[in-house]
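Worksheet: the structure to be examined is printed underneath.
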Amino acid sequence: MQSKEALGKERLIWMFTQMSRIREFEERVKRTFVEHPGVIRGHAHLGDGAEASIVGSLTARQENDLVMPSYRCHGYPIVLGTDARRLMAEIYTRKDGICKGFGGSMHLADPAHHFVGTSGIIGQGIAHAAGAALTAQVKKTGQVVFSFFGDGSSKQGAFHETLNLAAVWKLPVVFVLENNFYQAYTHIRLEDANFMAGDPLSQKAKAYSIPGVTVDGTDPLAVYEAVGQAAERARAGQGPSLIESRFYRFTPHGNAITVPPVPTQFQEHEAIEVYGNKAEFEAARANDPIPKFRKALIARGAISAADADRIEAAARAEMDEVVKFALASPLPAPEDAVNYVWA
Amino acid sequence: MQSKEALGKERLIWMFTQMSRIREFEERVKRTFVEHPGVIRGHAHLGDGAEASIVGSLTARQENDLVMPSYRCHGYPIVLGTDARRLMAEIYTRKDGICKGFGGSMHLADPAHHFVGTSGIIGQGIAHAAGAALTAQVKKTGQVVFSFFGDGSSKQGAFHETLNLAAVWKLPVVFVLENNFYQAYTHIRLEDANFMAGDPLSQKAKAYSIPGVTVDGTDPLAVYEAVGQAAERARAGQGPSLIESRFYRFTPHGNAITVPPVPTQFQEHEAIEVYGNKAEFEAARANDPIPKFRKALIARGAISAADADRIEAAARAEMDEVVKFALASPLPAPEDAVNYVWA
Amino acid sequence: MGREMMFGEAIAVAITEEMQRDSSVVFYGQNMAMTDRDPYVRKFGKDRVRITPISETAEMGIAVGAAMTGLRPIVELYMSEFMLVAFDEVINEAPRMRYMSGGQVKVPLVFKAGFGFAAGWAAQHSNSILNTMMGIPGLKLVVPSTSADAKGMMKSAIRDDNPVVYLHHYMLTLDKSEVPDGDYLVPLGVADVKRAGTDVTIVATAWMVKKSLAAAEMLAKEGISAEVVDPRTLAPLDVDTIVQSVRKTGRLVLVDQAPRQSSAAAVIAGEVAEHGFRYLKAPVKMVTAMDTSVPYSAPMESYVLPSEERIVSAVKSVLAAQAAAV
Amino acid sequence: MGREMMFGEAIAVAITEEMQRDSSVVFYGQNMAMTDRDPYVRKFGKDRVRITPISETAEMGIAVGAAMTGLRPIVELYMSEFMLVAFDEVINEAPRMRYMSGGQVKVPLVFKAGFGFAAGWAAQHSNSILNTMMGIPGLKLVVPSTSADAKGMMKSAIRDDNPVVYLHHYMLTLDKSEVPDGDYLVPLGVADVKRAGTDVTIVATAWMVKKSLAAAEMLAKEGISAEVVDPRTLAPLDVDTIVQSVRKTGRLVLVDQAPRQSSAAAVIAGEVAEHGFRYLKAPVKMVTAMDTSVPYSAPMESYVLPSEERIVSAVKSVLAAQAAAV
Ligand SMILES: Cc1ncc(C[n+]2csc(CCOP(=O)(O)OP(=O)(O)O)c2C)c(N)n1
Ligand SMILES: Cc1ncc(C[n+]2csc(CCOP(=O)(O)OP(=O)(O)O)c2C)c(N)n1
Ligand SMILES: [Mg+2]
Ligand SMILES: [Mg+2]
């Protein structure tokens with residue numbers, strides 16, 4: 001793989017573009033709760049704050065490598081080339097949705113773009129990702145599978161069982177533990193024994209004798225390098241690795257859980273809402289990965305400020321279009337519901 | 001706690017006595033399949049080979065400390081003071097059984113002797129043991145809980161979830177991972193990522209930032225010391241530890257699984273039966289913990305050869321009696337079955 | 001005397017009262033008791049009220065071990081489906097320990113979870129898996145539909161010496177109704193006639209009780225008198241009260257949020273086919289979810305779930321049906 | 001033409017044939033394929049035939065992911081209860097993925113497990129949890145009772161594009177019966193009349209089919225003609241064949257190894273109460289396990305499980321019963 005220093009200008013611009021697109025998409029999702037109440041149902045989970053980690057990871061992908069995130073899954077398909085209009089239409093419960101209105105925000109899927117599907121149940125997607133890696137191994141496709149899940153999910157039995165078995169079978173999978181310091185409303189210091197002891201969560205890798213690395217998830221190039229090395233290892237038949245990518249999510253866990261017809265929205269971040277810790281939240285916001293990367297790219301001479309502005313403006317324009325498309329898309333017919341039960 | 005060097009003669013003799021009693025009991029169970037076919041039903045799992053580990057561990061107990069092993073559970077209650085006649089009667093499906101014929105070999109329980117109960121489902125007993133430790137913690141009883149489970153069981157999600165939560169809550173529990181190198185017919189080299197990499201299984205403790213120690217499970221004094229230190233730590237409110245105790249089981253996993261009326265017995269050990277590795281089996285047998293401890297005690301001057309003989313003879317005589325009692329005990333009445341469904 | 005309470009509030013009051021009454025009751029789960037300001041923590045301290053990681057096997061398994069040794073744990077599991085990752089603890093551990101030990105131990109605990117959230121949560125979070133916990137010897141299953149039942153049955157569940165699964169329907173959370181004051185207990189295993197009637201028996205649970213009562217109201221306007229029976233406890237099931245109602249009305253409609261063959265309704269219909277057959281003047285009729293998962297989009301979601309209209313037309317169809325045997 | 005085969009052997013033959021036929025079929029589980037001498041390993045290699053640790057969540061979860069991406073995994077789970085530690089994968093993952101994706105993926109896999117081992121395995125290993133897997137949209141449940149069905153349905157299960165739970169009854173493992181030669185397939189979702197009769201319909205599954213056939217033999221000696229219907233596939237359930245049989249006989253006895261309200265029998269009785277009511281001349285009657293866990297000791301174990309005698313007397317009672325509606 002290319003070192004992060006060797007990444008070409010075009011690639012770097014691509015990275016910045018994808019980060020901007022994710023951010024703008026998620027902003028639109030959040031605003032929809034205010035501007036079009038009722039249009040999004042159920043529970044939506046946003047990836048703002050995760051952009052560097054998502055895009056850095058996926059920069060390490062090769063053509064045909066598969067991606068399996070958790071229910072917090074809007075960002076990945078945006079990078080993979082899924083039509084963002086159809087993603088938003090799905091979140092808006094529409095017929096043109098990528099899953100025709102059957103799945104919603106937690107259950108996006110676009111296998112044609114290497115995004116196999118997600119589970120809303122904690123930890124299970126980790127095993128599913130290893131399963132996709134089994135397919136790659138048995139069919140000798142050369143694919144690597146990128147598995148994404150949260151810090152909270154690493155306390156589920158599925159994590160443990162899957163990492164051991166993936167190590168035993170040397171499956172071509174990279175496990176990216178996205179440590180955003182919260183599982184729903186719970187701060188990680190209340191639930192993770194490693195964290196409480198001052199140890200990194202990547203130390204969990206020792207239980208499976210696989211490489212474990214902790215990386216700054218607000219730096220897309222650092223993430224690219226760590227995930228890239230793990231992907232190379234996986235592709236070479238040496239088995240899985242665990243990457244702990246640390247970043248902060250900027251929005252609360254999900255829109256508030258209410259009973260219809262009580263309207264739902266995003267509240268304040270748990271740091272403030274639950275723990276009254278404004279300082280933590282503001283420090284994280286000050287370390288926003290997008291302006292940081294923008295600055296780094298300009299410093300590196302990969303991009304001018306004007307170009308960066310244009311990219312951001314294009315992302316905004318695209319996502320305005322996306323919202324328009326999704327709002328205009330019709331609802332599914334009631335009777336559509338009987339489809340797709342059986343293959 | 002006393003160091004192993006400081007253990008008094010009486011205690012050492014007690015240890016040797018308990019080891020001998022377990023061995024003789026298990027020999028009787030095994031012989032029953034030959035001498036009284038049909039008297040034992042279902043699946044029985046023996047602890048021969050584990051005596052040093054069991055007794056060494058329980059030597060570290062204080063009055064009122066609780067014990068929660070897996071379905072391979074004959075040895076522990078023998079040490080704890082349960083009437084061995086009623087244990088055997090249970091295994092023999094009799095009314096005088098410790099569980100009145102409801103539980104059988106896999107599900108012995110004698111809460112009056114601090115043996116709370118067992119589960120036949122892999123890994124679940126680890127969580128139950130932590131639950132008993134929660135009771136001790138909330139009620140401030142000062143008790144420590146001794147949790148025993150196999151190497152195979154450490155690959156179950158319950159192990160992972162429980163060890164993390166026990167560490168987070170600093171529960172007073174000692175996790176003794178009994179590594180006998182087999183899970184049923186599967187050699188550990190086929191299923192444990194640590195073992196395959198040449199690492200000890202106690203390394204799994206790193207995933208929970210708790211102490212992890214590997215100890216020679218054929219040396220009861222070494223086990224006593226390792227488990228004792230962990231118990232002290234637990235009692236002091238510092239939380240759980242993981243002890244990997246390595247020993248070999250001398251009998252196959254369980255009696256062969258057959259369909260009635262085809263008779264069932266113990267076959268050859270898996271090392272030979274499955275893997276054709278007679279050398280492994282014989283090396284382990286040559287390292288039998290009971291004659292080894294006998295020799296060590298005699299060398300230490302704790303016991304004479306004649307005393308040791310007497311102890312072994314007494315264990316034999318006791319277990320002859322035990323078999324007689326159990327054989328003479330009546331079967332439960334069919335209608336007894338409707339009892340104990342509801343509390 | 002009593003006062004109006006929201007369903008969710010009634011549950012909280014019950015837990016609080018029982019924790020006050022009995023210091024062996026502990027309460028824990030994910031995303032609760034996060035700070036010292038939590039009302040339970042303030043009242044009962046951090047030993048008895050705890051937060052857990054996302055570890056349902058450990059959460060429920062620890063409850064089983066704690067119950068065996070003298071605590072009475074309440075585990076907050078949020079959504080019934082989350083129990084599935086550790087379902088062994090629910091149906092193969094908690095209810096078996098007493099029996100296997102020949103009566104030496106008991107396992108008094110409450111697994112509390114919401115269910116049936118028909119509000120766009122889609123296929124994995126909107127299920128009604130009640131049937132999977134019926135008929136398990138040693139396990140009780142409580143499913144209240146009113147604030148009074150919610151309180152009275154939670155108190156009974158906590159005091160019960162057996163493992164109890166307590167499921168509250170999300171769509172009822174904010175519903176207000178009167179709850180008697182004081183130490184109000186509702187016995188487990190006793191069905192309740194939520195509306196008396198003479199022409200047809202409707203058996204329904206949780207949110208479906210509300211829908212059935214609304215349907216009964218619509219039917220009353222057409223002169224049809226429907227009796228609505230709420231089993232309240234699905235295990236043990238009060239077959240007798242249901243059969244007595246059928247004896248009176250001769251007709252039975254069962255309403256259930258689950259797909260037909262995974263519904264509690266089917267099990268109840270089976271019981272009536274044996275014990276109430278001679279009273280039936282028409283085939284029983286089940287109004288259940290369609291045989292699909294629950295889809296995300298609103299028009300599809302409401303299409304697959306039972307509606308008041310479908311209940312009304314089912315009642316009319318059993319009233320129109322011919323009397324039995326050919 | 002065919003040959004006599006043991007039930008267990010018939011399953012192995014089916015798996016072998018399908019693995020030969022389709023290289024995307026893989027087969028793995030605990031305590032299998034331990035050495036290179038294993039017959040499956042010898043035939044299909046270590047890539048397609050594997051041994052796993054005791055990690056049901058990973059085993060089944062990996063199968064779901066593998067099935068979504070192009071393999072057709074068969075997971076050997078040994079005992080149906082072991083699925084419970086990871087039951088979410090069975091009822092909330094495998095059957096939901098296709099629906100949630102709006103038909104973009106399919107999940108062709110087989111979860112294979114034994115069940116009902118009434119031979120002293122006691123409360124946690126002797127269960128019959130069939131009902132928990134019925135009526136789940138997207139999930140098939142196959143429970144054969146003869147060697148021919150065992151083979152033909154395993155082959156169909158492997159070829160099916162949906163997740164299929166395949167449960168084989170341990171007590172039948174060594175039973176021998178004729179299996180047709182060649183590429184013998186039994187369609188999923190079609191019940192089979194195992195014995196034709198005119199006086200009463202007995203519906204039973206797996207080991208209970210064997211017991212019911214023996215009971216039918218005893219009844220025949222007394223001049224009573226019993227029809228024994230084996231649903232074979234409990235999901236989707238072939239209600240039609242059962243109702244047609246009841247139409248002919250007018251009487252229904254259901255035999256099931258589970259306790260009554262956790263039995264498949266109750267669900268089937270519920271369906272007949274709706275769809276077959278007009279043909280019933282007497283109440284249906286369920287012969288199930290008693291409402292206890294399965295005890296260890298033999299006299300108690302056989303007391304709680306259905307026996308041929310209890311089937312015979314149930315048949316006699318429905319024959320004696322009065323015709324329906326009062
Ligand atoms: C088995 C299970 N238990 C609980 C939940 C509820 N739940 C949904 S998201 C979530 C938090 C997950 O946190 P984390 O893994 O850190 O991911 P993040 O949301 O921070 O990306 C929880 C507890 C669930 N979906 N499944
Ligand atoms: C969840 C579950 N899966 C599988 C089994 C079947 N099983 C019973 S004992 C056993 C082997 C356990 O091995 P280990 O934990 O090493 O303990 P040992 O028998 O060696 O003491 C297995 C797989 C089970 N009881 N529960
Ligand atoms: Mg998180
Ligand atoms: Mg072992």
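Throughout, a chain's letter reflects where its sequence line sits, starting with A, and its residues are numbered from 1.
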With a 4.5 Å limit on heavy-atom distance, are the side chains of [X] and [Y] in contact?
X: D:Glu89; Y: A:His128; result: yes
X: A:Val341; Y: D:Arg98; result: no
X: D:Arg50; Y: A:Leu134; result: yes

Winner by heavy-atom pair count (cut-off under 4.5 Å) against chain D, out of [options]:
options: A:Asn164, A:Ile126, A:Val145, A:Ile98; result: A:Ile98
options: A:Ala112, A:Ser119, A:Gly117, A:Ala158; result: A:Ser119
options: A:Gly97, A:Pro111, A:Gly104; result: A:Pro111
options: A:Glu90, A:Met106, A:His107; result: A:His107
options: A:Val116, A:Ile121, A:Thr162; result: A:Ile121

Could you tell me which portion of [X] (side chain, backbone, both or neither) has an atom closer than 4.5 angstrom to a non-hydrogen atom of chain D?
X: A:Leu66; answer: side chain
X: A:Ala129; answer: neither
X: A:Gln137; answer: both

Just by modelled atom types, is the [Y] backbone N or O under 3.5 Å from a matching donor or acceptor in the [X] side chain?
X: D:Tyr99; Y: A:Ala337; value: yes
X: A:Thr135; Y: D:Ala66; value: yes
X: A:Lys139; Y: D:Gly70; value: yes
X: A:Lys100; Y: D:Gly102; value: yes
X: D:Gln104; Y: A:Ala109; value: yes

Taking all non-hydrogen atoms of both residues into account, name the closest pair between [X] and [Y] and its distance.
X: A:Leu165; Y: D:Pro53; answer: CD1-CD, 3.4 Å
X: A:Thr118; Y: D:Met100; answer: O-CE, 3.9 Å
X: D:Ile136; Y: A:Trp342; answer: O-CH2, 4.3 Å

Exercise for the section: Supply the atom-to-atom distance A:Asp110 CG to D:Ser101 OG, rounded to the nearest 0.5 angstrom. Expected result: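 A:Asp110 atom CG to D:Ser101 atom OG measures 10.5 Å (nearest 0.5 Å).
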Exercise for the section: Check the surroundings of atom NZ in D:Lys155: do more than 12 heavy atoms from other residues, nucleotides or ligands lie under 6.0 Å from it? Expected result: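 For D:Lys155, atom NZ is crowded (more than 12 foreign heavy atoms under 6.0 Å).
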Shorter than 4.5 Å, heavy atoms on both sides: which option in [options] has the most such pairs with chain A?
options: D:Glu59, D:Lys140, D:Arg48, D:Lys106; answer: D:Lys140
options: D:Met68, D:Met97, D:Glu56, D:Glu93; answer: D:Glu93
options: D:Gly103, D:Pro236, D:Gly138; answer: D:Gly138

Problem - side-chain contact (heavy atoms from CB on, under 4.5 Å) assessment of A:Gln124 paired with D:Thr57 - result: CA-CA 8 Å; A:Gln124 310 307 305; D:Thr57 304; 3.6 Å; yes
Side chain, backbone, both or neither: which part of [X] has a heavy atom under 4.5 Å from chain A?
X: D:Asp160; result: neither
X: D:Asp88; result: side chain
X: D:Ile51; result: backbone

Handout entry: Verdict with reasoning, D:Thr69 to A:Gln143, per side-chain contact (heavy atoms from CB on, under 4.5 Å)
Key = CA-CA 11 Å; D:Thr69 49; A:Gln143 286 162 304; over 6 Å; no
